[in-house]
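Working notes, beginning with the structure itself.
Residue numbers start from 1 in every chain, and the chains themselves are labelled A, B, ... in the order their sequence lines are given, proteins ahead of strands. These numbers were taken from a predicted model, which means no experiment stands behind them.
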Number of protein chains: 2
Amino acid sequence: MNLIDYHDSRPIYEQIVENFKLQILKGILRADEQMPSVRSLAIELSTNPNTVQKAYAELERQGYIYTIKGRGNFVKGNTSMIDNKKREIIDAIVELFREAEDIGFSLEEILDEIKNEFKKLDKSIGAGVSLGVDENRGGKA
Amino acid sequence: MNLIDYHDSRPIYEQIVENFKLQILKGILRADEQMPSVRSLAIELSTNPNTVQKAYAELERQGYIYTIKGRGNFVKGNTSMIDNKKREIIDAIVELFREAEDIGFSLEEILDEIKNEFKKLDKSIGAGVSLGVDENRGGKA
DNA sequence: CTAAGTGTACTATGAATGTTAGTACAGTTA
DNA sequence: TAACTGTACTAACATTCATAGTACACTTAG
């Protein structure tokens with residue numbers, strides 16, 4: 001499962017939460033699928049049932065899973081979660097753009113750098129990516 | 001000075017470090033300018049000299065300030081720091097793009113959203129922003 | 001019904017971290 | 001010399017994370 005990384009300084013329960021969130025968001029875990037029981041997962045991760053319980057409580061609080069007492073924890077549908085996650089990502093990116101501006105990192109520079117990274121990494125991101133607020137502008141400004 | 005926020009859960013020393021890093025990167029604090037003494041800053045922030053000392057030690061470790069015993073702490077030049085920070089920001093943005101892809105957030109969608117944010121916020125970011133890996137593509141999309 | 005599995009709620013303990021407090025010492029400078 | 005600087009300790013306290021153990025309620029397969 002590889003749910004946790006002991007070289008990671010973050011608390012175990014937090015890593016469990018994040019990993020399940022990702023799996024749910026990616027659709028690897030589907031709606032109404034049963035989560036591992038707190039006890040079995042604790043054994044698998046060589047950790048404590050209380051730690052897993054803490055993670056599950058947090059996942060439930062955030063709306064990613066639901067609980068049926070005596071039966072187990074189950075995955076919720078992920079549609080609204082995905083929208084929230086998209087918003088988080090957009091906000092984070094915009095915040096980074098602003099941070100860059102703050103230290104005198106011009107937008108042109110940023111975009112050039114990102115373009116370079118894409119060229120290095122790609123295939124997956126593929127072609128024709130444009131953040132053009134306006135391609136054909138002599139305009140607005 | 002507003003260096004720390006007691007509603008922030010992060011350690012005080014960490015907030016001090018981050019705030020001075022920003023001030024140095026932004027050029028608000030200039031090279032060879034003297035930092036507040038550990039004792040005076042501790043009083044100003046209603047905290048302990050040891051906490052400030054811990055922050056200053058970290059800032060020195062990261063190359064943002066230098067120390068002259070008996071005289072004080074002073075700001076280092078920020079040119080190489082800025083380059084490092086730029087790299088950090090680019091890496092963070094690219095990572096977010098990948099994270100978005102992971103949950104099926106298409107590049108087009110992301111860029112549209114960011115465009116919208118820019119339109120809302122702007123003035124400063126202004127015009128003609130293009131991340132076009134390829135402008136003139138009739139292709140793919 | 002019983003047994004074995006689920007979640008949940010406690011208490012107690014230990015380790016690590018962040019913070020405060022106090023003391024002491026060394027270097028610099030007016 | 002006096003008043004600043006940084007630095008290095010030790011001690012104590014609170015909080016957080018994790019472990020351990022126990023107990024109880026619910027569900028389901030037998």
(request) Mark yes or no for a side-chain to base donor-acceptor pair under 3.5 Å between Arg39(A) and dG5(C), with no hydrogen or angle criteria applied. (result)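 Side chain to base: no pair below 3.5 Å.
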Taking atom [atom2] of [N] as reference, at what distance in whole Å does atom [atom1] of [X] sit?
{"X": "Gln34(B)", "N": "dT28(C)", "atom1": "CD", "atom2": "P", "value": "14 Å"}
{"X": "Gln15(A)", "N": "dT16(D)", "atom1": "CD", "atom2": "P", "value": "19 Å"}
{"X": "Gln53(A)", "N": "dG21(D)", "atom1": "CD", "atom2": "P", "value": "18 Å"}
{"X": "Ile68(B)", "N": "dG27(C)", "atom1": "CD1", "atom2": "C1'", "value": "11 Å"}
{"X": "Tyr6(B)", "N": "dG18(C)", "atom1": "OH", "atom2": "P", "value": "16 Å"}
{"X": "Lys69(B)", "N": "dT7(D)", "atom1": "NZ", "atom2": "P", "value": "8 Å"}
{"X": "Leu41(B)", "N": "dG6(D)", "atom1": "CG", "atom2": "C1'", "value": "14 Å"}
{"X": "Arg61(A)", "N": "dT8(C)", "atom1": "CZ", "atom2": "P", "value": "15 Å"}

Look at the side-chain N and O atoms of [X] and state whether any lies under 4.0 Å from the OP1 or OP2 oxygen of [N].
{"X": "Tyr56(A)", "N": "dG7(C)", "result": "no"}
{"X": "Lys54(B)", "N": "dT19(C)", "result": "no"}
{"X": "Tyr13(A)", "N": "dA18(D)", "result": "no"}

(request) Return the 5'-most residue of the pair Arg71(B), Ser46(A) with respect to DNA chain D, ranking by each residue's nearest nucleotide. (result)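 Looking at DNA chain D, the more 5' nearest nucleotide goes with Arg71(B).
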(request) Determine, using ring centers only, whether Phe118(B) and Phe97(A) are less than 6.0 Å apart. (result)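 Centroid separation for Phe97(A) and Phe118(B): below 6.0 Å.
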(request) Give Asn73(A) one of three labels, base, sugar-phosphate or nothing, depending on what nucleic acid heavy atoms sit under 4.0 Å from its own. (result)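 Since only primed, P, OP1 and OP2 atoms lie under 4.0 Å of Asn73(A), the category is sugar-phosphate.
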(message) Under 4.0 Å between a side-chain nitrogen and a carboxylate oxygen: does that hold for Arg87(A) and Asp91(A)?
(response)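 Yes.
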(request) For the residue pair Tyr13(B) and Asn48(B), confirm or rule out a side-chain donor-acceptor distance under 3.5 Å. (result)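 No, because no side-chain N or O of Tyr13(B) sits under 3.5 Å from a partner of the opposite role on Asn48(B).
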Which nucleotide, [options], lies nearest any side-chain atom of [X]?
{"X": "Thr51(A)", "options": "dT19(D), dT20(C), dG7(C)", "result": "dT19(D)"}
{"X": "Thr47(A)", "options": "dG6(D), dG18(C), dA18(D)", "result": "dA18(D)"}
{"X": "Asn48(A)", "options": "dT8(C), dT7(D), dA20(D)", "result": "dA20(D)"}

(request) Check each of Lys86(A), Lys85(A), Lys26(A) against Asp102(B) using the salt bridge (charged side-chain N to carboxylate O under 4.0 Å, His left out) test, and report the only one that passes. (result)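 Of all the options given, the one that passes is Lys26(A).
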(request) I would like to know whether Phe74(A) and Leu29(A) meet side chain to side chain contact (heavy atoms under 4.5 Å, CB included); could you show each step before the answer? (result) CA-CA 10 Å; Phe74(A) 300 85; Leu29(A) 295 176; over 6 Å; no
(message) Need to verify one output field. Residue with the more 5' nearest nucleotide on DNA chain C, Glu14(B) or Ser37(A)?
(response)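 In this pair, the answer is Ser37(A).
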(message) If you assign Gly70(A) and Asn50(A) each to the DNA chain C nucleotide with the nearest heavy atom, which residue ends up on the more 5' nucleotide?
(response)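 Going by which nucleotide is closer to the 5' end, it is Gly70(A).
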